[in-house]
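Chain letters run A, B, ... following the sequence lines, proteins first and then strands; every chain starts at 1. Computed from a predicted structure; not experimentally measured.
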2 protein chains.
Amino acid sequence: MSHMVYARLMTVDREQVLRTAAALLSRKATATMDEVAKAAGIGRATLHRHFAGRDALVRALEDLGIREFQMALDAARLDEGSALDALRRLIAETESNAALLGFLFTENQLFEGSVNEGWAELDARVSGLFQRGQEDGDFRIDLTAAWLTEALYGLVGSGAWAVQSGRVASKDYQFMIAELLLGGVTRRSVEK
Amino acid sequence: MSHMVYARLMTVDREQVLRTAAALLSRKATATMDEVAKAAGIGRATLHRHFAGRDALVRALEDLGIREFQMALDAARLDEGSALDALRRLIAETESNAALLGFLFTENQLFEGSVNEGWAELDARVSGLFQRGQEDGDFRIDLTAAWLTEALYGLVGSGAWAVQSGRVASKDYQFMIAELLLGGVTRRSVEK
DNA sequence: ATCTAATGAGACATTGATGTCTCATATGGT
DNA sequence: ACCATATGAGACATCAATGTCTCATTAGAT
């Protein structure tokens, strides 16, 4: 795992702690710092050495989530090929950080006061993808790009939760989200 | 409004307080009792007279949400007509309590320890609707009913949030959720 | 007009989480 | 073998939220 290369084996894996924290906090938003520490398998003192306090932890969580989402957007190459394929790629790229992104999308608490400036840009990129799809005639135009963006977030969150709770197999994550978002529930005779 | 008939005008509208609390807590899960009281426009002491503590408040929130969702399920008459129409009716019925249901669907904290027994039944009814649609040939069968259920919850939550944040017009709530869930994003030539 | 009941504001003690500290231990590098 | 450094456990003070109380005020019933 590349992110461990420079880490001394004794030290805490910062990102791993954050991922664990995201999983816990998305399940129980009022979790204590002590609970977070226990969930991450480290001492409370150590957790405190890495994150000055709860605010700093949440901020770090926000930063990591935004960073990961940005990488997912980059990796998905939204401008290449059809918007439809680009959206599939984007959904695929969200899988490895589904829990973290689910937390990011649903915890609106994060954007209290100072809305993270980085987020607006990423949001615009997603919205832009849907717009492109609409302009290209691939996506329907009776649903606004803003709504499609929100819907994607919601489905990613639901998908992460469904996998985490064991209701959906991890391997079906991409398929279920992509198929539902693209095709909807209705069964269709013959197409594609 | 029927729920005020027996309430003395001076007394607090319990449900109104709960709805306000849901809107606030879904936005900021760590909100203080004092913040909840202020948001509801009542004193902290009064809030405390109606809900013994934070736990009691959350429990009441859970109860009301489940009650409202149950009423929505009843009103939607899921067994009548096509599953497709039934789903449309259900979505329509969620509108009046979108914020509360959004809170209920996303705040997984609620189901800590003792999963509310009432919830399982409602969950089964929704899942049953999707199963019926699949058996009738109206819904696609390559997406599990469990996932479709989770997806519906996610979209309702996203819809409530989109309306609440002003990104989507309130009047478009039903249309956007139903159309996306039923038809998906992909544009189709001629059908319906 | 009077009475009853619920409210809002605020004081207060209590609880629980937080943040800081020390110290013994263990790990990995030298 | 030795040293650096990070950790875990726990003690501790601090602070914020909680829960309980009183009391004046107000709304509504009679």
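- When the C1' atom of C:dA9 is taken as reference, atom CD1 of B:I42 falls 13 Å away, rounded to whole Å.
- The pair A:D34-A:K38 meets the salt-bridge criterion, with a side-chain N (NZ, NE, NH1 or NH2) lying under 4.0 Å from an Asp/Glu carboxylate O.
- The side chain of A:A45 approaches D:dG10 more closely than any other nucleotide in the set C:dA9, D:dG10, D:dT7.
- Spacing between atom CG of B:D13 and atom P of C:dT7 amounts to 11 Å, rounded to whole angstrom units.
- Comparing the start and finish of the helix from C:dA1-D:dT30 to C:dA26-D:dT5, five pairs each, the helix axis swings through 30°, to the nearest 10 degrees.
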5' to 3', nucleotides 11-19 of chain D under a 4.0 Å protein heavy-atom cut-off (B base, S sugar-phosphate only, - none) gives B-----SBB
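- Taking 90° from 0 as the syn/anti boundary, the base of D:dA16 is oriented anti.
- The distance between atom CZ of B:R49 and atom P of C:dA9, rounded to the nearest whole Å, is 12 Å.
- No hydrogens or angles considered: a donor-acceptor pair under 3.5 Å links the side chains of A:Y173 and A:T94.
- To the nearest angstrom, P of C:dA9 lies 13 Å from CG of B:L47.
- Screening A:D138, A:L148, A:T144, A:L143 against A:F130 for a side-chain contact (heavy atoms from CB on, under 4.5 Å) leaves a single residue, A:L148.
- With respect to B:E93 and B:R89, no salt bridge is recorded, no charged nitrogen being found less than 4.0 Å from a carboxylate O.
- With hydrogens and angles disregarded, a donor-acceptor distance shorter than 3.5 Å links the side chain of B:T149 to the backbone of B:A145.
- Aromatic ring pairs are classed by plane angle as parallel below 30°, tilted from 30° to 60° and perpendicular above 60°; the pair B:F69 and B:F105 is perpendicular.
- Across every non-hydrogen atom of B:L155 and A:W147, the tightest pair is O-CH2, 3.7 Å.
- Minimum heavy-atom separation, B:R14 to B:H50: NH1-O, 3.4 Å.
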